[in-house]
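All of these numbers come straight from a predicted model, not from anything done at the bench. Every chain is numbered from 1 and lettered A, B, ... according to where its sequence line falls, protein lines coming before strand lines.
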2 protein chains.
Amino acid sequence: MVNPQPRKRGRPPKQAPDHGDTRESLLRAGVATLTRKGFVATGLDEILALANVPKGSFYHYFASKEAFGAEAIARYGAYFAAKLDRHLLDERLAPLDRLRGFIANAEAGMRRYEFRRGCLVGNLGQEMSALPEAYRSQLDAVFMDWEARLAACLRLAQARGEIGSGRDCARLAHFFWIGWEGAVLRAKLRRSGEPLRIFAEGFFALLA
Amino acid sequence: MVNPQPRKRGRPPKQAPDHGDTRESLLRAGVATLTRKGFVATGLDEILALANVPKGSFYHYFASKEAFGAEAIARYGAYFAAKLDRHLLDERLAPLDRLRGFIANAEAGMRRYEFRRGCLVGNLGQEMSALPEAYRSQLDAVFMDWEARLAACLRLAQARGEIGSGRDCARLAHFFWIGWEGAVLRAKLRRSGEPLRIFAEGFFALLA
DNA sequence: AATCATTTTAGACTGATCGTCTAATAAATG
DNA sequence: CATTTATTAGACGATCAGTCTAAAATGATT
């Protein structure tokens with residue numbers, strides 16, 4: 001349960017900074033649930049129950065499920081980009097070791113939820129043909145953002161001679177995220193981190 | 001529309017061999033729709049309308065939506081395995097060219113539907129946490145079947161020295177399907193065959 | 001302090017759609 | 001003609017996203 005305490009009716013006090021707290025709980029619960037079950041399979045009632053927020057509040061803060069989903073995508077995209085940077089910009093490690101660190105961390109994260117949660121962006125991407133068309137460009141933009149961050153890291157490795165100088169790092173980054181989403185999908189299906197490791201191994205073999 | 005003619009109530013005449021036709025129409029329409037929209041997002045009404053079959057008939061032929069889905073998975077798995085064999089066992093081509101042929105054919109197939117249809121097995125795998133648990137082993141088995149067929153083809157290439165003799169072809173095949181599903185997902189999202197080509201290029205680079 | 005305005009919540013309600021089921025219908029069978 | 005078997009029509013309750021009204025609790029105004 002994300003926010004177990006009950007809420008009081010009426011306007012909240014100003015010094016008790018409830019401001020945006022309900023909204024925040026909803027988004028947190030939404031990201032968690034969408035990451036696990038996807039958009040179509042997730043009912044508002046489920047998010048509401050997880051956040052301990054009454055239904056009446058939802059439509060006070062969000063215009064629709066579609067608008068809520070768009071914010072959840074943005075939220076997840078930013079959260080994940082920050083996590084990525086924490087690894088890929090860590091100057092204590094060699095560039096490729098940073099990527100290895102991210103991969104290990106991602107597997108640990110999936111294991112923590114018994115491989116039931118995947119990637120929100122991947123989930124919604126797969127559902128695209130049943131989703132609001134406006135999500136398409138948003139999801140694609142998130143991928144491109146992640147790719148740019150990875151490409152920068154790969155270029156650092158390339159400058160150190162750890163990636164052949166002829167290789168196109170942007171293309172390699174593209175390749176990585178294409179395959180990584182497949183690996184996450186498969187890890188969810190098999191309830192195992194092995195697909196993540198198999199893909200990672202292949203990816204690193206490709207760089208040499 | 002898969003089967004446009006209307007149906008009469010009551011037991012059908014014997015000489016007009018409708019036998020199994022309704023059921024067949026349902027499965028065909030089901031595979032098409034599940035390949036496009038996934039399991040949860042697809043309502044029975046949509047399949048029924050596509051097959052031009054009345055709702056009451058559905059539960060005459062199938063015990064439940066879950067049972068119907070299981071048959072659709074099996075149907076798609078077998079259909080796809082046959083398509084795979086048509087390429088991978090084509091002795092007129094060198095083993096790796098057979099794989100290239102399959103990839104090109106798959107891209108053409110996706111383009112034909114404007115990249116709106118993906119892979120039924122991949123779709124349902126992604127939805128797994130909202131699906132009947134019984135699907136898990138079934139979907140995994142389909143993947144393993146496809147992997148075995150690809151691995152055999154790769155071993156042929158290895159025997160011809162086109163893949164390093166130290167490489168584990170089963171593992172390479174596993175890598176391929178992990179990444180391929182990611183590429184299909186991305187192709188759907190971008191409405192473009194480019195992700196398929198980028199993944200394929202990387203995969204072949206990995207073999208050398 | 002009393003009043004008013006604003007923000008938020010409670011939860012019943014709507015219409016659509018979901019998967020499922022029963023009773024009726026029509027042909028085959030004896 | 002009576003019975004059995006195959007098929008369908010349409011009703012059913014559950015659940016869905018989304019709406020709405022009234023109540024409640026605070027801030028602002030006087």
Contact list (N/O, under 3.5 angstrom) for nucleotides 12-17 of chain C vs protein:
none

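- Both B:His60 and A:Leu44 sit near DNA chain D, but only B:His60 has its closest nucleotide nearer the 5' end.
- Applying the side chain to side chain donor-acceptor pair (under 3.5 Å) test to B:Arg86 and every residue at least two apart in sequence or in another chain returns nothing.
- Legend: residues meeting salt bridge (charged side-chain N to carboxylate O under 4.0 Å, His left out) with B:Lys55, ordered by chain and number and at least two apart, are B:Asp45.
- Taking atom OH of B:Tyr59 as the reference point, atom P of D:dC12 lies 18 Å away to the nearest angstrom.
- Of the residues in residues 120-130 of chain A, none has a non-hydrogen atom less than 4.0 angstrom from any atom of DNA chain D.
- What separates CZ of B:Phe62 from C1' of D:dT7 is a distance of 14 Å, to the nearest Å.
- For the pair A:Thr22 and C:dT9, the criterion of a side-chain N or O lying under 4.0 Å from OP1 or OP2 is met.
- Annotation: side-chain contact (heavy atoms from CB on, under 4.5 Å) contacts of A:Ala130 (sequence neighbours excluded): A:Val40, B:Lys37, B:Ala41.
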Which pairs of donor and acceptor atoms, one on a side chain in residues 175-186 of chain A, lie under 3.5 Å apart (sequence neighbours left out)?
from     : atom 1 : to       : atom 2 : distance (Å)
A:Trp177 : NE1    : A:Trp146 : O      : 3.4
A:Arg186 : NH1    : B:Glu147 : OE2    : 3.1
A:Arg186 : NH2    : B:Glu147 : OE2    : 2.7

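- In this structure, CZ of B:Phe58 is placed 18 Å from C1' of D:dA6, rounded to the nearest angstrom.
- Note: CG (A:Leu131) to P (D:dA17) measures 13 Å, nearest angstrom.
- Between the A:Glu127 side chain and the A:Phe39 main chain, a donor and an acceptor come within less than 3.5 Å of each other.
- Annotation: side chain to side chain donor-acceptor pair (under 3.5 Å) contacts of A:Arg117 (sequence neighbours excluded): none.
- Between the P atom of D:dT5 and the OH atom of B:Tyr61 lies a distance of 16 Å, rounded to the nearest Å.
- For the segment residues 64-73 of chain B, residues with any heavy atom less than 4.0 angstrom from an atom of DNA chain C are, sorted by number, B:Ser64, B:Lys65.
- Sorted by first then second residue, the salt bridge (Lys or Arg N to Asp or Glu O under 4.0 Å) pairs that include residues 57-73 of chain B, not counting sequence neighbours, are B:Arg23-B:Glu71.
- The salt bridge (charged side-chain N to carboxylate O under 4.0 Å, His left out) check on B:Arg112 picks up nothing, with sequence neighbours excluded.
- Of the possible donor and acceptor atoms, none in the side chain of A:Asn123 sits under 3.5 Å from a partner among the backbone N and O of A:Gly118.
- A sub-4.0 Å separation between OP1 or OP2 of D:dT7 and a side-chain N or O of B:Ser57 is absent.
- Atom pair A:Leu48:CG and C:dG11:P shows a separation of 13 Å (rounding to whole Å applied).
- A:Leu26 has its CG atom 12 Å from the P atom of C:dT8, to the nearest Å.
- Shown here are the salt bridge (charged side-chain N to carboxylate O under 4.0 Å, His left out) partners of A:Arg149, two or more places apart in sequence or in another chain: A:Asp85, A:Asp145.
- Qualifying salt bridge (charged side-chain N to carboxylate O under 4.0 Å, His left out) partners for B:Glu91, counting only residues two or more places apart in sequence or in other chains: none.
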